[in-house]
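Read through the structure below, which is laid out as structure tokens, and then see the notes.
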Amino acid sequence: MPKTIAIIQARMGSTRLPGKILMDIQGHPMLWHIIERVKQAKLIDAIIVATSDNKIDDPLEKYLESIGVYFYRGSEDNVLERFYEASLLCGAETIVRLTGDNCLIDPNIIDSTILYFKDTKFRYVSNIKQPSAKCTFPVGVACEVFTFELLDEAYHKAKESYEKEHVTPYMYYQQKSIGCYSNHIDLSNYRFTVDTLEDYEYIKVIYRYFFKGEHDFYLNDIIRFLKEHPEIAELNTNAEQKKVK
């Protein structure tokens, strides 16, 4: 049975860019690109998309069925509960949390974060969030890895609404066994998430340059391209990351 499960959090009802998860990028929905890139991670046993049971996500269910990808539908607001139930469904021992905003997620970074998690024996590891350490990866390649035991603890003990909405705050604010996987170069000034229309147009430019039917371009390739074309890197400099409530 699969043990290391990537759960991709996705829904149609984005407040800033509704329906973005199925918006087109080079002939495919954004979610398809995310799934195809995650499939390349060697340490992932299975992928499941966790979406809401709101009717607005019916088209998302239909799409996932059409491409043969596992999905779970649960609470729209209590995403922690949705993750917990999805993890139970697939018998996960280790969960890799990914989001539907990040269509340039790097499978090499996913694998490296999982390896760091396994080597250090932390209960929770993030490459983007850590209260006592500076994030060195760009926004948009976020990967969180944690044990099912910790997810179970969070599910039963988290009390605040933001802990339930954002899945992992209980894990990295209430616990001590947490780690931060850092990049050797600080790339935190780059932004590759899709939160606004400006972000979407920016990501489409990157995909038009790289995507020729295969996901054979990764973070280092993208950074090199943007350094060679600084005018492109400036396209979404005014975009602001949505804040956790």
Side-chain angles (χ1 to χ4, degrees), residues 5-22 30-31 34 48-61 64 70-90 92 94-102 105 113 117 122-135 137 139-180 191 193-196 199 239-245:
I5 308 297
I7 300 181
I8 302 172
Q9 179 179 327
R11 65 189 181 99
M12 294 289 287
S14 168
T15 54
R16 301 178 76 179
L17 191 59
K20 66 184 177 183
I21 197 68
L22 293 183
M30 189 167 79
L31 181 58
I34 297 171
I48 185 168
V49 175
T51 191
S52 86
D53 52 15
N54 191 312
K55 188 173 179 61
I56 195 174
D57 286 315
D58 288 353
L60 182 53
E61 174 182 339
L64 291 168
Y70 294 115
F71 63 88
Y72 177 78
R73 299 186 70 171
S75 171
E76 181 173 25
D77 298 322
N78 190 340
V79 191
L80 174 60
E81 178 184 84
R82 198 195 311 168
F83 264 71
Y84 177 73
E85 292 174 346
S87 298
L88 285 175
L89 183 68
C90 54
T94 299
I95 296 97
V96 180
R97 179 180 180 242
L98 306 168
T99 67
D101 307 305
N102 301 338
I105 188 70
T113 308
F117 168 82
F122 285 119
R123 299 174 76 198
Y124 168 92
V125 163
S126 171
N127 71 342
I128 201 76
K129 292 191 289 190
Q130 169 71 326
S132 61
K134 177 179 172 57
C135 295
F137 282 100
V139 174
V141 295
C143 176
E144 295 174 279
V145 187
F146 44 89
T147 64
F148 175 77
E149 289 180 347
L150 182 56
L151 177 62
D152 182 75
E153 180 181 324
Y155 173 71
H156 287 98
K157 292 187 177 181
K159 303 299 182 185
E160 303 297 332
S161 59
Y162 73 89
E163 292 176 320
K164 298 175 182 180
E165 180 185 354
H166 299 287
V167 183
T168 56
Y170 173 90
M171 300 182 191
Y172 60 82
Y173 285 127
Q174 304 293 336
Q175 303 301 306
K176 294 181 179 179
S177 183
I178 60 178
C180 182
R191 174 186 169 84
T193 196
V194 178
D195 205 22
T196 66
D199 291 327
E240 294 184 6
Q241 181 67 10
K242 185 178 179 181
K243 304 298 182 183
V244 175
K245 297 176 185 178

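Since the structure is predicted, the reported quantities are computational estimates derived from the model, not experimental observations. Residue numbers start at 1 and run along the sequence shown.
- Between Ala10 and Val49, the closest heavy-atom pair is CB-CG1, 4.1 Å.
- Side-chain N or O atoms of Lys20 include none that pairs as donor or acceptor with a backbone N or O of Ser14 at under 3.5 Å.
- Between Asp58 and Arg73 there is a side-chain heavy-atom pair separated by less than 4.5 Å.
- Rounding to the nearest 0.5 angstrom, the gap separating the SG atom in Cys90 from the CD1 atom in Ile7 is 5.5 Å.
- Here the OH-CZ distance, from Tyr124 to Arg97, works out to 8.0 Å after rounding to the nearest 0.5 Å.
- Two residues are said to be in side-chain contact when any heavy atoms from C-beta on lie closer than 4.5 Å; Leu98 and Cys143 meet this criterion.
- When side chains are defined from C-beta on, Arg191 counts as touching Asp199, because their heavy atoms get closer than 4.5 Å.
- At a cut-off of 3.5 Å, with distance as the only test, a side-chain donor of Glu153 or Tyr170 sits close to an acceptor on the other residue.
- Here Arg82 pairs with nothing under the salt bridge (charged side-chain N to carboxylate O under 4.0 Å, His left out) rule; sequence neighbours left out.
- Of all heavy-atom pairs spanning Thr147 and Phe117, the tightest one is CG2-CZ, 3.6 Å.
- Within a 6.0 Å radius of CZ in Phe71, other residues, nucleotides and ligands contribute more than 12 heavy atoms.
- Each of Leu88, Thr94, Ile5 was checked for a side chain to side chain contact (heavy atoms under 4.5 Å, CB included) with Phe148, and the lone residue meeting it is Leu88.
- Between Glu81 and Lys164 the shortest side-chain heavy-atom distance does not fall below 4.5 Å.
- Rounding to the nearest 0.5 Å gives a distance of 8.5 Å between CD1 of Ile105 and CD1 of Ile34.
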Starting from the C-alpha separation in whole Å, work towards a yes-or-no answer on side-chain contact (heavy atoms from CB on, under 4.5 Å) for Ile178 and Phe146.
CA-CA 9 Å; Ile178 60 178; Phe146 44 89; over 6 Å; no
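- The backbone N or O of Met171 lies less than 3.5 Å from no partner atom in the side chain of Thr168, so there is not a single donor-acceptor pair.
- Of all heavy-atom pairs between Ser75 and Asp53, the closest is N-OD2, 4.2 Å.
- With salt bridges taken as basic N to acidic carboxylate O contacts below 4.0 Å, none links Glu149 and Arg123.
- In terms of heavy-atom proximity, Ala142 sits nearest to Asn102 at N-ND2, 3.9 Å.
- Here the closest non-hydrogen pair linking Glu160 and Glu163 is N-OE1, 2.9 Å.
- Relative ring orientation between Tyr84 and His156 is described as perpendicular, the plane-to-plane angle rising above 60° on a 0-90° scale split at 30° and 60°.
- Atom NZ of Lys55 and atom CD of Glu76 lie 14.0 Å apart (nearest 0.5 Å).
- A 4.5 Å side-chain heavy-atom check between Leu17 and Thr196 finds every atom pair outside the cut-off.
- Side-chain contact between Leu31 and Leu64 is present, with heavy atoms from C-beta onward closer than 4.5 Å.
- The two residues Ile8 and Thr99 have their closest heavy-atom pair at CG2-C, 4.1 Å.
- Atoms CG and OH, on Leu89 and Tyr72 in that order, are 7.5 Å from each other to the nearest 0.5 Å.
- Contact annotation: the side chain of Thr51 never approaches that of Glu61 to less than 4.5 Å [non-hydrogen atoms, C-beta and beyond].
- Two residues are said to be in side-chain contact when any heavy atoms from C-beta on lie closer than 4.5 Å; Ile56 and Arg11 fail this criterion.
- Within the 3.5 Å criterion, the main-chain N or O of Val141 finds a donor-acceptor partner in the side chain of Asn127.
- In this structure, CE on Met12 lies 7.0 Å from CG on Leu60, to the nearest 0.5 angstrom.
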